[in-house]
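As the structure is a computational prediction, the values presented were derived from the model and not from experiment. For ligands, and for the atoms within them, numbers begin at 1 and follow the listed sequence.
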Amino acid sequence: MKFTTAEALYQKAGGKRNGLPAWCYKNSELTQLEIEEVFLKNWNWIAHVSDIPEAGDFQCLNIANERAVVIRDNDGQVRAFHNLCRHRGSRVVAEDKGHCNNAIVCPFHGWSYQFNGELKNISRPKEFPTLDKSKYGLKPLDCEVWHGLIFVRFSGFGPSVAQILTEADQEIGLYKIADMESCGQPWHFDFDLDWKTITDIDKEGYHVAMGHPELFDLTGSSYRDEVLECGLSRSQGSFKNRRAKTPLVQDYIATLPVSNHLPESHQHLWIYWGMFPGVVISLSPDTVEVYQIYPAGFQKSVMAGACYALPDQRPEMQKARALSSAINNNTGEEDIRLVKWAAQGMESSAFDEVLLSDLEIGICAFQNQLRELIPVMALDQAPERGSLKQVNQQLLLRRKTAEIA
Ligand code: FES
Ligand SMILES: [Fe+2]
């Protein structure tokens with residue numbers, strides 16, 4: 001793995017360590033551009049193959065105004081579509097997760113679609129002019145299954161998930177995620193704040209020592225964040241030979257049995273792989289958790305995820321999973337509080353800018369990626385109202401011209 005250095009990352013940020021300017025966290029035009037350029041054109045995680053095991057099983061993902069549905073077809077293939085009826089635009093599945101019998105039937109007027117997206121029947125066909133059914137199928141989305149994880153992309157083109165995650169492939173492959181099953185309830189938190197406030201906290205482990213007493217008790221100062229040259233991030237903490245102080249962590253370490261599918265090097269590690277913009281694959285010897293952070297609109301964000309594990313009925317493994325889940329839940333609640341405080345801080349009249357350390361390179365790397373796609377985010381002041389998209393376009397053009405020259 002090729003890692004990058006704090007020096008290189010901050011140099012790319014123009015030598016600045018003050019992060020994104022505060023206006024970037026409260027500008028509706030920027031949020032809209034981020035949705036279009038960052039989220040719709042990149043891969044988002046939607047489900048695990050075990051979430052939709054049977055033909056007709058489906059699961060949804062909504063990012064701002066875009067709605068995706070993945071469904072298992074009759075040949076066992078995973079298909080992804082816009083959750084959008086071709087008649088008048090209703091969602092074709094009403095729930096976020098469920099099962100369709102025989103066909104996808106739109107809840108508005110009853111048009112039905114095959115699981116492969118083809119239009120099957122329309123209600124009261126005689127009331128319509130002759131219709132070429134082949135032109136009215138559900139609109140497909142880019143979809144890729146990688147190690148049992150299903151990803152969708154709403155628009156654009158670029159490298160596949162497998163290409164983006166090449167450097168993570170060997171390590172993540174150890175965990176046999178494709179053979180896993182859902183473990184516990186999926187979770188979903190809505191926030192009334194900018195999505196980057198959550199990502200900023202999620203991208204650095206500097207706060208672990210103060211902000212997460214149990215996670216810190218588990219990994220101590222072994223916790224570290226790394227950024228790869230390819231743009232992925234990787235964090236890890238080890239609890240090998242760790243003498244924990246908190247009862248929860250002591251119990252977890254004492255209970256966790258050997259995970260037979262993992263080499264010795266990974267028996268005592270918690271690892272977090274981050275893929276731009278918001279996906280995190282969190283690996284522990286007992287459970288794998290996948291989660292992501294994304295905008296739901298202006299000042300509206302979501303952090304949601306789910307856990308998966310290999311079938312293992314050993315009581316000690318069941319108990320270890322419950323304990324690691326408790327540590328994760330506590331960590332999550334602590335993060336929610338920190339996220340809210342960070343957002344409130346930016347509203348204060350006394351707030352000017354942040355100062356990033358070498359332990360917060362994950363933030364710098366993530367913001368560099370954002371500035372690469374949306375250069376307007378490098379400006380100290382917000383462009384005049386109504387002009388952000390245009391100013392950004394000019395900056396992109398200027399960069400292209402400079403590259404050619
Ligand atoms: S909107 Fe779907 S059937 Fe009318
Ligand atoms: Fe945290």
Query - Angle in degrees, rounded to 10°, that NE2 of His207 and OD2 of Asp335 form at the Fe ion (ligand 2) - result: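 Result: 150°, to 10°.
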
Query raised in the report: Taking the N/O/S atoms of His109 one by one, which is nearest to atom 4 (Fe) of ligand 1?
Result: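 This residue's closest N, O or S atom turns out to be ND1.
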
**Report entry** Side-chain heavy-atom pair Trp270, Leu215 within 4.5 angstrom cut-off
**Finding:**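 Yes - at least one pair of side-chain heavy atoms lies under 4.5 Å apart.
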
Query - Any Val376 side-chain heavy atom under 4.5 Å of Pro383 side chain - result: yes

Report task. Please determine if atom 4 (Fe) of ligand 1 has an N/O/S atom from Cys106 lying under 2.8 Å away. Result ->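 Checking atom 4 (Fe) of ligand 1 against Cys106, no N, O or S atom falls under 2.8 Å.
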
Query - His87 near atom 4 (Fe) of ligand 1: N/O/S under 2.8 Å - result: yes

I need the atoms of ligand 1 closer than 4.0 Å to a non-hydrogen atom of [X], numbered in the order shown.
| X | answer |
| --- | --- |
| Trp111 | 3 (S) |
| Ser90 | 1 (S) |
| Gly110 | 3 (S) |
| Arg88 | 1 (S) |

Query - Matching residue for Phe39 among Trp45, Trp195, Phe154 - test: ring pair (Phe, Tyr, Trp, His ring centres under 6.0 Å) - result: Trp195

Query raised in the report: Do the numbers put Lys196 on top of the ring of Tyr25, so that NZ or CZ is under 6.0 Å from the six-membered ring centre and no more than 45° off the axis?
Result: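 Yes, a cation-pi geometry.
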
Report task. Determine the interplanar angle of the Tyr136 and Trp111 rings, folded into 0 to 90°, and report it as parallel if under 30°, tilted if 30 to 60°, perpendicular if over 60°. Result ->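 Geometry flag for Trp111 against Tyr136: perpendicular rings.
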
Query raised in the report: His212: which N/O/S atom is nearest the Fe ion (ligand 2)?
Result: NE2

**Report entry** Salt-bridge contact Arg153-Glu144 (side-chain N to carboxylate O under 4.0 Å)
**Finding:** no

Query raised in the report: Of the options Ser282, Cys307, Ser325, which is the one that meets Thr287 in a side chain to side chain contact (heavy atoms under 4.5 Å, CB included)?
Result: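 Among Ser282, Cys307, Ser325, the one that satisfies the side chain to side chain contact (heavy atoms under 4.5 Å, CB included) with Thr287 is Cys307.
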
Requested in this report: Give a yes or no on whether Cys85 keeps an N, O or S atom under 2.8 Å from atom 2 (Fe) of ligand 1.
Outcome: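 It does; at least one qualifying atom falls short of 2.8 Å.
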
